[in-house]
Amino acid sequence: EAGVAQSPRYKIIEKRQSVAFWCNPISGHATLYWYQQILGQGPKLLIQFQNNGVVDDSQLPKDRFSAERLKGVDSTLKIQPAKLEDSAVYLCASSLARGNYGYTFGSGTRLTVV
Amino acid sequence: ELKVEQNPLFLSMQEGKNYTIYCNYSTTSDRLYWYRQDPGKSLESLFVLLSNGAVKQEGRLMASLDTKARLSTLHITAAVHDLSATYFCAVVFTGNQFYFGTGTSLTVIP
């Protein structure tokens, strides 16, 4: 089974620029998550999708972050404009459905804002 | 407020010793995960605990869950250097909301 694919692996941008990350979950996984992991901290949930609907985006800084999962498959997370404090690893995870299922994480995108 | 706390945050232990990492969470959940993360790598699933009193063991690691106390423990037996990593617990709350603890950075010293 292919894992959760994320791209790019690394990105360096200047503050106030825009950036987008892409995630392709495991085939058939209905639930998709985006996490932000700042160095030395635990992953923080940004947004959770169930198919193409948003279940939880309470911790997403909506003034600059947006995410979509238009066809209920792959997803894009965008930051516009980026700030220095957005430097982090952005992890995507997916799970089959609600219930007692495992969660699989992608390798992440490491963003550095300079 | 949904909150997951771990302690200690940092743990340095000698090879061969035993130790326990604690994970407390703020509200009802019947599902808890433990993950391992090596520097620069993604998260590797270790255990999923699905009910009160659940205990899982793999090698030198054993995890347990007490849903009444809202507490999970990860016990390390006779630590070896290869166990050096950061360990996270993650709790699934109502609505399939998946929240991580603060992490415990473990260093095993030869």
Output the option from A:Gly108, A:Pro43, A:Gly106 having the highest count of non-hydrogen pairs under 4.5 Å with chain B.
A:Pro43
Determine whether a donor-acceptor pair (N or O, by modelled atom type, separation under 3.5 Å) exists between the side chain of A:Thr109 and the backbone of A:Pro8.
yes
Check: B:Thr107 side chain, B:Ser12 main-chain N or O, donor-acceptor pair, under 3.5 Å:
no
Measuring centre to centre across the rings, with the benzene-like ring taken for any Trp, is A:Phe105 within less than 6.0 Å of B:Phe100?
yes
Residues of residues 39-46 of chain B with any heavy atom under 4.5 Å of a heavy atom in chain A:
B:Gly40, B:Ser42, B:Leu43
Examine distances only and state if a side-chain atom of B:Ser105 and a backbone atom of B:Thr86 form a donor-acceptor pair shorter than 3.5 Å.
no
Hey, does B:Leu49 have a side-chain heavy atom less than 4.5 Å from the side chain of B:Ser64?
no
Taking the inter-plane angle between the rings of B:Tyr33 and A:Tyr103 on a 0 to 90° scale, is it parallel (under 30°), tilted (30 to 60°) or perpendicular (over 60°)?
perpendicular
Region of B:Gln6 in contact with chain A, defined by heavy-atom distances below 4.5 Å
neither
Kindly indicate whether the side chain of A:Tyr90, heavy atoms from C-beta on, has any atom under 4.5 Å from the side chain of A:Cys23.
no
Without swapping roles, check the side chain of A:Asn51 against the backbone of A:Gly72 for a donor-acceptor pair under 3.5 Å.
no
Is the side chain of B:Ser29 donor-acceptor paired with the backbone N or O of B:Val92 at a distance under 3.5 Å, no angle test?
yes
Interface residues of residues 71-81 of chain B facing chain A - non-hydrogen atoms under 4.5 Å apart:
none
Are side-chain heavy atoms of B:Tyr99 and B:Tyr25 found at a separation under 4.5 Å?
no
